[in-house]
Amino acid sequence: MNDKLDEAAEETSSSDFIRDIVREDLAAGRHQGLVTRFPPEPNGYLHIGHAKSICLNFGIAQEFGGRCHLRFDDTNPAREEQAFIEAIQADVRWLGFDWGEHLYFASDYFEQLYLWAESLIEAGKAYVDDLPVDEMRAYRGTVTEAGRDSPHRNRDVAENLDLFRRMRAGEFPDGARVLRAKIDMASGNMNLRDPVLYRILHAEHPRTGTEWCIYPNYDFAHGQSDAIEAITHSLCTLEFADHRPLYDWLLDNIDVPARPRQYEFARLNLSHTALSKRRLTQLVAENLVDGWDDPRLPTISGLRRRGVPAGAVRDFISRLAITKSDGQVEMAMLEHCIREQLNVDAPRRMAVLRPLKVVIENYPEGESEMLVAQNHPGNAEMGSREVPFSRELYVERDDFMEDPPRKFFRLGPGREVRLRYAYFITCNEAIKDANGEVVELRCTYDPETKGGNAPDGRKVKGTIHWVSAAHAVGAEVRLYEHLFNSEEPPSGDDFLSDLNPASMEVLERAWLEPGLADLAVGQTVQFERMGYFCRDSADNAVFNRTLGLRDSWAKIKGKS
RNA sequence: UGGGGCGUAGCCAAGUGGUAAGGCAACGGGUUUUGAUCCCGUCAUGCGCAGGUUCGAUCCCUGCCGCCCCAACCA
């Protein structure tokens, strides 16, 4: 296997400080095989920040011929749920990764963890403490002052063992006692000031039920789980760097079967959104969004429902560097990756979002014809389709201006434009309602321009999309914008004040070309000139806008 | 003020003693039956700041400055 690893190591082109370490370790023959893990806590849905970790861990495993485990860090039954366990697996799969047989749970190791706790006690390196939470906090000192020893710090082994066993037996209520490591109350690193290892929690665990009433915390579970699974490189985010000395201390002081190492990298921060579990949970719990898979959320499920291809997410992550400097990536970067892939993959269709009726006065009443439209002008292999054309059509309201500026290339009184894949039409008259609002356009078409070209060689500046009124299918279309107005929403609960009230606009009466009635859920298409849209997974009558097209007209318009 | 980490363009970053890659954004221009796509071009005499070493410093040394994380019986 080592040869295979070496080969793989040489083939890998991408590089960052973690891959460099892996490469060196493999070259030095420090491991039998490469094993990483993605360790989510099942207390919420995965978001695009997790995608960075998933791509890193599974990616490195693939590149170096190793494997990556999916391990749930389910040590806090107070906030973990089976539903999250299932959603997380679905999201990792959707992203394109496969853990094979290697699905694990920290809770699978509870008995072993317990035994290791007893061994620490027997070695005089852990003790049961009775201090209430607030007192323990006071004893811990502050960031600039050393802590003080708990009065229970020097209980003898026998008493500690007895107390710890009685904790497990359920003799004490929640919060009555904890098991602590005996390290150094004066350490500059707060994590080493006799950290709590076990707490009493009479809560039902999604997997172990009521079998346990004491649970190990993150520090006492994570490194040991890594060791049990023979993880070689345990990759986590920067905020755990301070935990590394504890990770190492624990592994050095108990009898573990392997010796994994922890490395930290910067987590992903994205502009105009929220990427902390706390914030996402709050948005969902307070119904500020419509569930964990709301298309406005940066959750994997939200992105999927929005119509974002998994490949675009992976591409985005691959353009990010794995470093230790934390910054904030612009949403525009993600959007670029989405457009880049959708531009290639999304079939083109026509849909009118804000309809304005057009009557072609010289087109015979009651008649219609089928016109050929390309499914992708840049890729003939995607074929073509037929769309019905008739006397009454809908065009986009924004494609008509009563008093257009010089640079406006669309419809206006007396102006001629091309209806995509159809005919040139000229606007003769705009009909208004009692409020003076334009409600209908009377136009004439040039039968000679069928397909969109004039035999006399005359040109038109604008091409607009349309849909035959009698044949179109109605739909609700939802337009999404950034969830937050600021690039970086304010800290604390203030972040809610930055919510973008226009993050979702619902257009209830859009008209789609008839073929769109059969579009499959999850399939993303381009509505020409409007953007990328996908049928909503929860409501068939709804189309979600994944993203608009780049719009240089909006820039021109904005400048004048 | 203790400990840990980080500072290269608007954003993400490569480079680590020999004269600043790339991507995103932005801005010009060309093609175009999507004001899309595509193509071409512009965009750091400068690498947080100040000294020092050196023929030569983003890179080495010293001192500052700034930002992030840590005082849950969360992860």
Side-chain angles (χ1 to χ4, degrees), chain A residues 15-16 39-41 43 73 75-76 78-80 129 131-133 136-138 140-147 174-180 186-193 195-201 214-215 217-219 221-222 236-245 264 266 268 271 277-278 319-321 323-337 339-340 343-344 348 350 373-374 376-378 407-410 417-422 424 449 451-453 459-465 487 526-531 548-557:
Chain A
S15 190
D16 52 62
E41 181 191 12
N43 67 343
D73 237 327
T75 57
N76 187 358
R79 37 192 230 184
E80 293 157 6
D129 198 352
L131 246 29
V133 214
M136 197 183 295
R137 184 180 306 127
R140 188 155 32 229
T142 70
V143 103
T144 51
E145 305 160 40
D174 288 2
R177 299 177 209 270
V178 295
L179 181 72
R180 291 229 255 171
S187 173
N189 183 340
M190 300 300 287
N191 293 115
L192 263 20
R193 319 248 264 227
V196 169
L197 267 22
Y198 265 91
R199 73 281 210 189
I200 299 171
L201 225 47
I214 57 172
Y215 292 92
N217 67 177
Y218 167 84
D219 291 299
H222 202 94
C236 62
T237 44
L238 251 29
E239 65 270 30
F240 291 99
D242 286 343
H243 291 245
R244 185 165 14 96
E264 312 86 21
L268 170 66
S271 72
K277 207 78 88 69
R278 204 202 113 248
R319 295 181 192 226
L320 266 23
T323 66
K324 295 178 83 115
S325 63
D326 62 343
Q328 186 176 61
V329 177
E330 291 174 336
M331 186 64 85
M333 180 85 97
L334 208 211
E335 293 176 344
H336 168 81
C337 296
R339 288 196 183 98
E340 188 171 74
N343 175 49
V344 172
R348 313 286 122 128
M350 290 199 285
Q374 298 305 307
H376 191 126
K407 290 235 179 130
F408 186 78
F409 303 147
R410 287 113 91 153
V417 300
R418 171 166 40 230
L419 292 180
R420 177 138 243 230
Y421 298 124
F424 284 9
T449 59
N453 287 305
K459 304 286 183 198
V460 286
K461 279 231 177 106
T463 300
I464 66 175
H465 60 281
E487 285 196 3
Q526 182 191 105
F527 290 173
E528 292 212 35
R529 302 207 307 131
M530 302 308 286
L549 261 23
R550 285 183 60 193
D551 186 358
S552 56
W553 167 243
K555 277 181 198 166
I556 296 168
K557 205 170 55 173

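Just so it is clear: chains get the letters A, B, ... in the order the sequence lines come, proteins before strands, and each one is counted from 1.
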Exercise for the section: Could you give the distance separating C47(B) and U42(B) at their P atoms, to the nearest angstrom? Expected result: 23 Å

Completion exercise
Pairing string of RNA chain B (Watson-Crick or G-U wobble, both atom distances under 3.5 Å; | = paired to other strand) is .((((((..(((.....[...))).(((((.......))))).....(((((..]....))))))))))).....

Practice task
Please name all residues satisfying side chain to side chain contact (heavy atoms under 4.5 Å, CB included) with T449(A), sequence neighbours left out, ordered by chain then number.
Solution key: Y423(A), F424(A), D446(A), A454(A), R458(A)

Exercise for the section: Check whether any side-chain N or O of T323(A) sits under 4.0 Å from OP1 or OP2 of A13(B), and answer yes or no. Expected result: yes

Practice task
Report yes if a side-chain nitrogen or oxygen of S552(A) is closer than 4.0 Å to either non-bridging phosphate oxygen (OP1 or OP2) of A36(B); otherwise report no.
Solution key: yes

Practice task
Check whether any side-chain N or O of R550(A) sits under 4.0 Å from OP1 or OP2 of A26(B), and answer yes or no.
Solution key: yes

Practice task
Give the nucleotide from the list G35(B), G4(B), U34(B) with an atom nearest to the side chain of L549(A).
Solution key: U34(B)

Exercise for the section: State whether the distance check finds a donor on one side and an acceptor on the other, under 3.5 Å, for side chain E330(A) versus base G10(B). Expected result: yes

Problem - Side-chain N,O (H336(A)) to OP1/OP2 (C24(B)) below 4.0 Å - result: yes

Practice task
Look at K555(A) and A26(B) and indicate whether a side-chain polar atom (N or O) is within less than 4.0 Å of OP1 or OP2.
Solution key: yes

Handout entry: Upstream residue (5' side of RNA chain B) when I464(A) and M333(A) are each assigned their closest nucleotide
Key = M333(A)

Exercise for the section: Using a 4.0 Å heavy-atom cut-off across all strands, classify Y421(A) as base, sugar-phosphate, or nothing. Expected result: base

Practice task
Please examine the side chains of N76(A) and R199(A), heavy atoms only from C-beta on, and report whether any two atoms are closer than 4.5 Å.
Solution key: yes

Exercise for the section: Scan Q526(A) against the nucleic acid and name what it touches under 4.0 Å (heavy atoms): base, sugar-phosphate only, or nothing. Expected result: base

Handout entry: Distance test, side-chain N/O of R410(A) to OP1/OP2 of G35(B), below 4.0 Å
Key = no

Problem - Interatomic distance at P, G15(B) relative to G52(B), whole Å - result: 29 Å

Practice task
Please work out which of the three classes, parallel, tilted or perpendicular, describes the rings of F240(A) and Y218(A), given edges at 30° and 60°.
Solution key: tilted

Fill in the blank from the handout: Its contact letters, B for base, S for sugar-phosphate only and - for none at protein heavy atoms under 4.0 Å, make nucleotides 65-75 of chain B read ---SBBBSBBB

Practice task
Mind checking the CZ-CE spacing from R319(A) to M333(A)? Nearest 0.5 Å is all I need.
Solution key: 7.5 Å

